[in-house]
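Here is the structure we will look at.
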There are 2 protein chains.
Amino acid sequence: MFDPNHDPLHEATIGSELLFEGKAVALYRDRVRLPDGSEGVREYIRHPGAVLIVAQLPDTRLLFVRQYRYALRRAVLELPAGRIDPGEQPEACARRELLEETGYRAGVWQPLGSMHTCVGYSDERIDVYLARDLIEVGAEPDDGEFLEILSLTPDAAEQAARDGRITDAKTLSALFLALPQLRG
Amino acid sequence: MFDPNHDPLHEATIGSELLFEGKAVALYRDRVRLPDGSEGVREYIRHPGAVLIVAQLPDTRLLFVRQYRYALRRAVLELPAGRIDPGEQPEACARRELLEETGYRAGVWQPLGSMHTCVGYSDERIDVYLARDLIEVGAEPDDGEFLEILSLTPDAAEQAARDGRITDAKTLSALFLALPQLRG
């Protein structure tokens, strides 16, 4: 198997420092040995990982959430997603987040792949699931989580991506991975 | 026009604190007033913004870079991209980054839209450009930047996305936006 430690691009860790551990993010600064032998600095966030759910209703529509994203100072149209709790399995997290955010349970779950959202400064990975056979049982948002639920057909979702109404990269990436399977 | 301050999901800033200003990221912690009147905390990164270039050769192949991403402890296959310098216009940044990373200049530039990469904890926006009429003039990587250049046909790029060889969300998102225009 390919060994990333023997990759000619490999950067070896010299030292690592936790700069800040917050509620949502932990920020590190590491000293590294670069491929040419010189020394460099890498600042990055450690993230517990997350899941995203492409949840399709029987009439083909997809569930979206509109959620205020403070970093952008505006609400963002996204596919349902959430952060993995300590010790939680990704698919269990996907079931929990779908229920909490949208109030639906799904009978059929299918993994669609993984993505890395900010490779330049975060180790965050998002596992993408396709959820079908949905049954509405009622939303249970987290404390301090406020969101609106809406639904779009696969064609309308693709159009919203192409005309700039969807700019969230995890949502664009997941639509790209899922769309071939979503059209009746 | 829609006023985001009157959005029912709006979170008003009570106070803002710069926790850390590094070489690559600035981390803030703000106190906010939530829609139900309670108080919350938001930790997030301020980022200068970036560009991504979908650069297509006359034979339809797209230029990719393989670059070590220390946060992930491995090299990642990505479309060329880079951070906007202070005062720099996004398209000027795209021309500079394409030249520095791949050694190509493009005769034709077309904006394809924008994305937000980490809406949960960063304000980073990436503007996507399609670059054509490429001429090779020789790469000029930044100090401390080590990368390999490769090229894939649009079909091979889509296949690499679907089979998990491409996991970088900005690259997946840009392929989704660009692919309809990339096939002969």
Side-chain angles (χ1 to χ4, degrees), chain A residues 4 7 9-11 19-20 22-25 27 29-30 32 34-36 38 40-46 66-76 78 83 113-126 144 146-148 161-162 164 167-170 172-173 175-177 180, chain B residues 4 7 9-11 19-20 22-25 27 29-30 32 34-36 38 40-46 66-76 78 83 113-126 144 146-148 161-162 164 167-170 172-173 175-177 180:
Chain A
D7 190 318
L9 299 173
H10 181 66
E11 299 175 358
L19 295 173
F20 172 76
K23 198 173 59 105
V25 299
L27 181 64
R29 179 168 53 196
D30 287 14
V32 301
L34 297 174
D36 66 358
S38 68
V41 172
R42 298 289 182 240
E43 299 159 357
Y44 61 100
I45 281 175
R46 286 207 174 152
R66 209 174 70 88
Q67 188 171 2
Y68 198 81
R69 293 304 199 170
Y70 183 79
L72 300 179
R73 305 294 196 276
R74 67 174 180 82
V76 174
E78 305 170 38
R83 163 182 309 252
S114 299
M115 71 179 91
H116 296 99
T117 51
C118 308
V119 297
Y121 56 94
S122 171
D123 68 351
E124 180 180 7
R125 187 183 82 185
I126 300 183
F146 303 90
L147 44 80
E148 295 171 2
R162 299 207 181 283
T167 62
D168 175 45
K170 70 179 178 304
L172 294 171
S173 298
L175 287 174
F176 179 45
L177 295 177
Chain B
D7 191 318
L9 299 172
H10 182 66
E11 298 174 359
L19 295 173
F20 172 76
K23 197 173 59 108
V25 299
L27 181 65
R29 178 168 54 195
D30 287 14
V32 301
L34 297 174
D36 66 357
S38 68
V41 171
R42 299 289 182 240
E43 299 159 356
Y44 61 100
I45 281 174
R46 286 208 175 151
R66 207 173 72 88
Q67 187 170 2
Y68 198 80
R69 293 304 197 169
Y70 183 78
L72 300 179
R73 304 296 195 274
R74 67 175 180 80
V76 174
E78 304 169 41
R83 160 182 312 250
S114 299
M115 71 178 91
H116 295 101
T117 50
C118 307
V119 297
Y121 56 95
S122 172
D123 69 351
E124 181 181 5
R125 186 183 84 186
I126 300 183
F146 303 90
L147 44 80
E148 295 171 3
R162 300 207 179 283
T167 62
D168 174 45
K170 69 178 180 302
L172 295 171
S173 298
L175 287 173
F176 179 43
L177 295 177

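Per chain, numbering begins at 1; letters A, B, ... match sequence-line order. Computation of the quantities below employed the complete heavy-atom set of this structure, encompassing side-chain atoms and omitting hydrogens, waters and symmetry-equivalent molecules.
- Contact record, Y121(B) with A71(A): C-CB, 4.5 Å, taken as the closest heavy-atom pair.
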* Quick one: do Q67(B) and V119(A) satisfy side-chain contact (heavy atoms from CB on, under 4.5 Å)? Show the steps, please. => CA-CA 10 Å; Q67(B) 187 170 2; V119(A) 297; over 6 Å; no
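- In this structure, F146(B) CZ and D36(A) CG are separated by 3.5 Å, a value rounded to the nearest 0.5 Å.
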* Determine, step by step, whether L27(B) and V25(A) satisfy the side-chain contact (heavy atoms from CB on, under 4.5 Å) criterion, reporting the C-alpha distance in whole Å, the side-chain angles of both residues, the deciding distance to 0.1 Å, and the verdict. => CA-CA 10 Å; L27(B) 181 65; V25(A) 299; 4.1 Å; yes
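- Between chain B and the options G113(A), G40(A), S122(A), the largest number of non-hydrogen pairs under 4.5 Å is found for S122(A).
- Options M115(A), R69(A), H116(A) differ in how many heavy-atom pairs under 4.5 Å they form with chain B, and the most are formed by H116(A).
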* To do: Please assess L9(B) against E148(A) for the test side-chain contact (heavy atoms from CB on, under 4.5 Å), listing each intermediate value before the final yes or no.
  => CA-CA 8 Å; L9(B) 299 172; E148(A) 295 171 2; 4.1 Å; yes
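- For the set V41(A), D30(A), V76(A), the count of heavy-atom pairs under 4.5 angstrom toward chain B peaks at D30(A).
- Residues A75(A) and D7(B) come closest through the heavy atom pair CB-OD2, 3.6 Å.
- Only the side chain of Y44(B) comes within less than 4.5 Å of a heavy atom of chain A; its backbone N, CA, C and O stay farther away.
- S173(B) pairs with exactly one of T167(A), T117(A), L172(A) by the side-chain contact (heavy atoms from CB on, under 4.5 Å) rule, that one being L172(A).
- Under the 3.5 Å distance criterion, the side-chain polar atoms of R73(B) are left unmatched by any main-chain donor or acceptor of H10(A).
- The CD atom of E11(B) sits 6.5 Å away from atom OH of Y68(A), with the distance rounded to the nearest 0.5 Å.
- Of the two parts of R125(B), neither the backbone nor the side chain holds a non-hydrogen atom closer than 4.5 Å to a non-hydrogen atom of chain A.
- Going from atom CG of L177(A) over to atom CZ of R162(B) covers 6.5 Å, rounded to the nearest 0.5 Å.
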